[in-house]
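For reference, the structure discussed in these notes is given below.
Quantities reported herein were computed from a predicted structural model and do not represent experimental measurements. So that the names make sense, note that chain A is the first sequence line, chain B the second, and so on, each numbered from 1.
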Amino acid sequence: MKILIVDDSSTMRRIISNTLKTIGQENVVMAGDGVEGMAMLESNPDVELVLSDWNMPNMNGLDFLVKIRETKGKDLPVIMITTEAEKANVITAIKSGANNYIVKPFTPEVLQEKIGPFLK
Amino acid sequence: MKILIAAPSSSTVNMVRNVFTSMKVQNVEFVALDSPDEIEDLADDKTVVIVDWEYTDDTGTEFVIAAKKKNKKIPVLLLATKQKAGTTFSGMKAGASGVVNKPIEPDDLVRSVAAAVKSTTEKKQSVNVEFINPFIDATRNVFSTMCGMDVVRKKLFLKDDYKMLGDVSGVMGLSGTACGSVVVSLPKELACKIVTKMLGEDLGTELSPDVCDGVGEIINMIAGQAKAMLVKTKYHFTISIPSVISGHGHEISHKKGTPNIVVLFEADGTPFALQVCLAPVESE
Ligand SMILES: [Mg+2]
């Protein structure tokens with residue numbers, strides 16, 4: 001399955017994609033903010049899972065999530081991976097349509113566990 | 001005032017003396033130190049020790065230790081070229097109160113000496129550091145979770161100048177109920193090592209854009225973790241996008257009038273610094 005990773009840090013994008021590789025997910029596309037993320041989704045309609053950061057320039061992860069739900073409905077799973085660790089943030093994200101929430105810093109095990117149910 | 005100068009070359013002593021003469025500072029006695037032991041006899045309560053950070057072994061640090069052993073209150077300044085900025089941690093850890101850049105700018109040296117003397121004679125202003133522990137815990141957590149490294153907290157002190165202790169620094173501006181900034185400043189080698197460990201890919205030993213990006217993500221995670229721990233306190237803040245500044249002896253400003261707290265840590269035996277400058281926004 002094709003997975004879109006959106007994070008303004010190239011290091012974080014690589015950490016996530018390296019972890020995905022270890023569980024056999026090699027088909028990955030990446031973007032550095034929500035605007036690029038939307039463009040990526042347009043040009044890659046076969047993306048089946050989105051992993052998105054929250055704090056990013058141009059369009060942040062929450063606005064990106066809202067935009068995905070507006071334009072693509074509820075079928076595309078979106079998992080937030082962010083350093084925003086407060087309950088209020090988690091609630092906001094889930095209410096806005098996030099399918100799961102991962103707090104940075106994370107271990108590869110946590111990432112696998114939270115992403116696992118959405119993998120094909 | 002007596003200025004004791006430790007330097008591998010005698011030219012440093014003349015340089016320092018010339019600076020004070022050219023700035024017309026009077027009543028200063030200059031003494032060149034040959035060995036750390038001399039500090040015991042020479043230092044009094046009006047002494048400032050300057051250590052030229054050019055020794056090729058641990059001698060520089062030994063001078064700092066000797067001064068602090070004689071009297072904890074003796075201010076010690078390190079003279080370091082910008083290339084050596086990342087190596088001054090051991091001097092700071094031993095008790096030095098600041099770094100003066102080489103080549104010496106007369107203003108900077110005289111001001112730094114005056115500030116060092118003032119800070120030791122002034123009655124210590126009490127500083128509220130109740131918000132610092134979340135930052136320390138966050139740093140530990142980020143390093144252990146992302147890099148598998150245990151960090152040890154070494155020392156905590158206040159620092160007024162803008163000179164960063166490391167070769168590369170990640171900065172996060174903090175705003176909201178409280179505002180200020182948090183900075184992680186790392187020697188080059190440690191920055192490369194931790195980003196290499198985070199990624200599980202060898203990034204070499206230079207401050208590449210990849211390493212700098214990793215440092216930005218480190219401060220992003222430290223700030224985010226601390227933010228969550230400070231929720232519902234007057235020190236709560238919001239974060240935005242980190243920035244990374246590198247280069248020998250770079251400077252990063254902090255909010256004037258707000259104490260800038262430096263926490264020295266060690267990871268795998270290498271020191272690095274976390275700086276937190278944070279105060280609740282005054283409500284009218
Ligand atoms: Mg980010």
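- Ranked by heavy-atom pairs under 4.5 Å with chain B, the list A/I15, A/D7, A/D8 is led by A/I15.
- A distance of 11.0 Å separates CE of A/M56 from CG of B/N220, quoted to the nearest 0.5 Å.
- Taking 4.5 Å as the limit, every side-chain heavy atom of A/K104 sits out of range of all side-chain heavy atoms of B/V142.
- With a 6.0 Å radius and a threshold of 12 heavy atoms from other residues, nucleotides or ligands, B/K197 has its NZ atom above the threshold.
- More than 12 heavy atoms of other shown residues, nucleotides or ligands fall within 6.0 angstrom of atom NZ in A/K2.
- B/M146 is listed as a side-chain neighbour of A/M12, based on a closest heavy-atom distance under 4.5 Å.
- No side-chain heavy atom of B/V231 sits less than 4.5 Å from a side-chain heavy atom of A/K87.
- If you measure heavy-atom distances from B/V211 to chain A, you find no contacts under 4.5 Å at all.
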Verdict with supporting geometry, A/N89 and B/K227, side chain to side chain contact (heavy atoms under 4.5 Å, CB included): CA-CA 12 Å; A/N89 291 98; B/K227 170 183 187 277; 3.8 Å; yes
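- Using a 4.5 Å cut-off between heavy atoms, A/V103 contacts chain B through its side chain alone, with no backbone atom that close.
- For a residue to count as touching a neighbouring chain, one of its non-hydrogen atoms must lie under 4.5 Å from one of that chain's; by this rule A/N18 touches chain B with the side chain only.
- Within a 6.0 Å sphere centred on CG of B/D108, heavy atoms belonging to other residues, nucleotides or ligands number more than 12.
- A/T11 and B/D213 share a side-chain donor-acceptor pair at under 3.5 Å.
- A/T83 has its side chain within reach of B/I239: a pair of non-hydrogen atoms, C-beta onward, lies under 4.5 Å apart.
- The side-chain heavy atoms of A/E86 and B/K232, taken from C-beta on, include no pair separated by under 4.5 Å.
- Taking both residues in full, the closest heavy atoms of A/R14 and B/L199 are given as CB-CD2, 3.3 Å, listed atom of the first, atom of the second, then distance.
- Atoms CD1 and CG, from B/I241 and A/D33 in turn, are 9.0 Å apart once rounded to the nearest 0.5 Å.
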